[in-house]
Peer 1: 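Okay, handing you the structure first.
When reading the values below, keep in mind they use all heavy atoms of this one structure, side chains included, and skip hydrogens, waters and symmetry mates. Residue numbers begin at 1 in each chain, while the letters A, B, ... track the order of the sequences.
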Number of protein chains: 2
Amino acid sequence: MCDQCNYENLLSNADLVATTNRIQVLEIVGNNTFPLSAGDIYAILERTSSINRVTVYRILDLLVEHGVVDRISTGGRAFYYGIAPNEHHKPHPHFYCRICGQMDCLSPESVTVDIAPLLKTYPGRIEKVEIRIDGICKNCAKVGKK
Amino acid sequence: MCDQCNYENLLSNADLVATTNRIQVLEIVGNNTFPLSAGDIYAILERTSSINRVTVYRILDLLVEHGVVDRISTGGRAFYYGIAPNEHHKPHPHFYCRICGQMDCLSPESVTVDIAPLLKTYPGRIEKVEIRIDGICKNCAKVGKK
DNA sequence: ATTGCATGTGCAACTTAATTGCACTTATGG
DNA sequence: CCATAAGTGCAATTAAGTTGCACATGCAAT
Ligand SMILES: [Mn+2]
Ligand SMILES: [Mn+2]
Ligand SMILES: [Zn+2]
Ligand SMILES: [Zn+2]
């Protein structure tokens, strides 16, 4: 297991004390193969822990602020969270199903982007490029809900 | 003024009765050079009209559903709305300032995207590709808020 | 003209996701 | 041990959007 996959290291590398709550939140985000909402994360945690809902929000904010976790917008009302891009985890687009709310990670190669022209001309500070595909996932398409 | 720039035509072409309220909402969205939130749109409208807040939300939903208006997600909590892509209005990315919440339309050429590989392999239905750049706009960068 | 119906709108109440204020707890250095 | 800061819990609040239901308006069939 590499340094980047050890959640305690990920936290301390980001100048964050590795508290039990933080580790647990980060484990859920990191072990999941697709991004989850704060509500999803809390629902999973509360089965085994007595962590407070607000603490989950605060930890997620903190992890986003320190670049450990990525806050991903959806076609819906809640944010989703996934491990932030790093050397072991290339930036990649996501697919959001407008029926079931499930978010998929797409391979970095599935969509190619070039923001060079923007970088040359944009007068503000660019911090993040988010690419999201919206539609209906395989499962929901099968069920035939249009 | 072309057909696509006449808002009453835009509505009837989308099989929507051109009521005063719908025209007014569409005018605000269409005449603006950058996307606005439902709250922004309502704030502008209520100065001169007695339209209800809920009606604004319902009209925006309807316009999105009929492909007249585009619902754009941000790095923040509210959706923004702009004229949907059409032959006079190419799809383009947006910039969202995390400080002031202002959203800019970027030129279609500023970012190039190729989703061909995804289209070949993705098993669900793809309805929309959204590209959003987050960061700090020129004005807010100047003020020096980090 | 009167009725019936569908569409459009207004208003109050509600929901969801997230945030805030403040108190309590835990960890750490002196 | 104490002082302080960091971390957490809980209740209340907010922001954005949604829902239910009543009223209004337009139009077609009688
Ligand atoms: Mn991902
Ligand atoms: Mn635009
Ligand atoms: Zn789905
Ligand atoms: Zn700004």
Peer 1: Would you say H89(B)'s side chain and E87(B)'s backbone share a donor-acceptor pair under 3.5 angstrom?
Peer 2: no

Peer 1: Check whether the side chains of S73(B) and R132(A) place a donor and an acceptor atom closer than 3.5 Å, and report yes or no.
Peer 2: yes

Peer 1: Share the residues that join Y57(A) in a hydrophobic cluster, the rule being Ile, Leu, Val, Met, Phe, Trp or Tyr side chains under 4.5 Å apart at the heavy-atom level.
Peer 2: none

Peer 1: Which atom pairs, one a donor and one an acceptor, fall under 3.5 Å between side chains of residues 59-67 of chain A and the rest of the protein, sequence neighbours left out?
Peer 2:
residue	atom	partner	partner atom	Å
D61(A)	OD1	R71(A)	NH2	2.6
H66(A)	ND1	L62(A)	O	3.1

Peer 1: Any chance you could pull the hydrophobic cluster mates of Y80(B), using side-chain heavy atoms under 4.5 angstrom and chaining through other members?
Peer 2: I72(B), Y96(B), M103(B)

Peer 1: Which helical stems does DNA chain C take part in, if a stem means at least 3 consecutive Watson-Crick or G-U pairs with both distances below 3.5 Å?
Peer 2: C:1-30 with D:1-30

Peer 1: Please report the distance, rounded to the nearest Å, between CG in L60(B) and P in dT9(C).
Peer 2: 12 Å

Peer 1: Among residues at least two apart in sequence or on other chains, which ones pass ring pair (Phe, Tyr, Trp, His ring centres under 6.0 Å) with Y122(B)?
Peer 2: F95(A)

Peer 1: Any chance you could measure C105(A), atom SG, to K90(A), atom NZ, to the nearest 0.5 Å?
Peer 2: 15.0 Å

Peer 1: Name the atoms and distances for all side-chain donor-acceptor pairs under 3.5 Å in residues 16-26 of chain B, with sequence neighbours left out.
Peer 2:
residue	atom	partner	partner atom	Å
T19(B)	OG1	R22(B)	N	3.2
R22(B)	NH1	V17(B)	O	3.0

Peer 1: Restricting to pairs with a member in residues 34-57 of chain A, which pass salt bridge (Lys or Arg N to Asp or Glu O under 4.0 Å), not counting sequence neighbours?
Peer 2: none

Peer 1: Going 5' to 3' along DNA chain D, between which two nucleotides do contacts with chain B fall, using a heavy-atom cut-off of 4.0 Å?
Peer 2: dA15(D) to dG20(D)

Peer 1: Of all residues at least two apart in sequence or in a different chain, which pass the side chain to side chain donor-acceptor pair (under 3.5 Å) check with N31(B)?
Peer 2: Y7(B)

Peer 1: So if I take residues 16-46 of chain A and measure heavy-atom distances to DNA chain C, which residues fall below 4.0 Å?
Peer 2: A38(A)

Peer 1: Run the salt bridge (charged side-chain N to carboxylate O under 4.0 Å, His left out) test against D104(A) and tell me which residues pass, sequence neighbours left out.
Peer 2: none

Peer 1: Please list, for nucleotides 11-17 of chain C, all pairs of protein and nucleotide N/O atoms separated by less than 3.5 Å.
Peer 2:
residue	atom	partner	partner atom	Å
dT16(C)	O2	R77(A)	NH2	3.4
dA17(C)	N3	R77(B)	NH2	3.1

Peer 1: With rounding to the nearest 0.5 angstrom, report the CD1 to CD1 distance, I28(A) to I44(A).
Peer 2: 5.0 Å

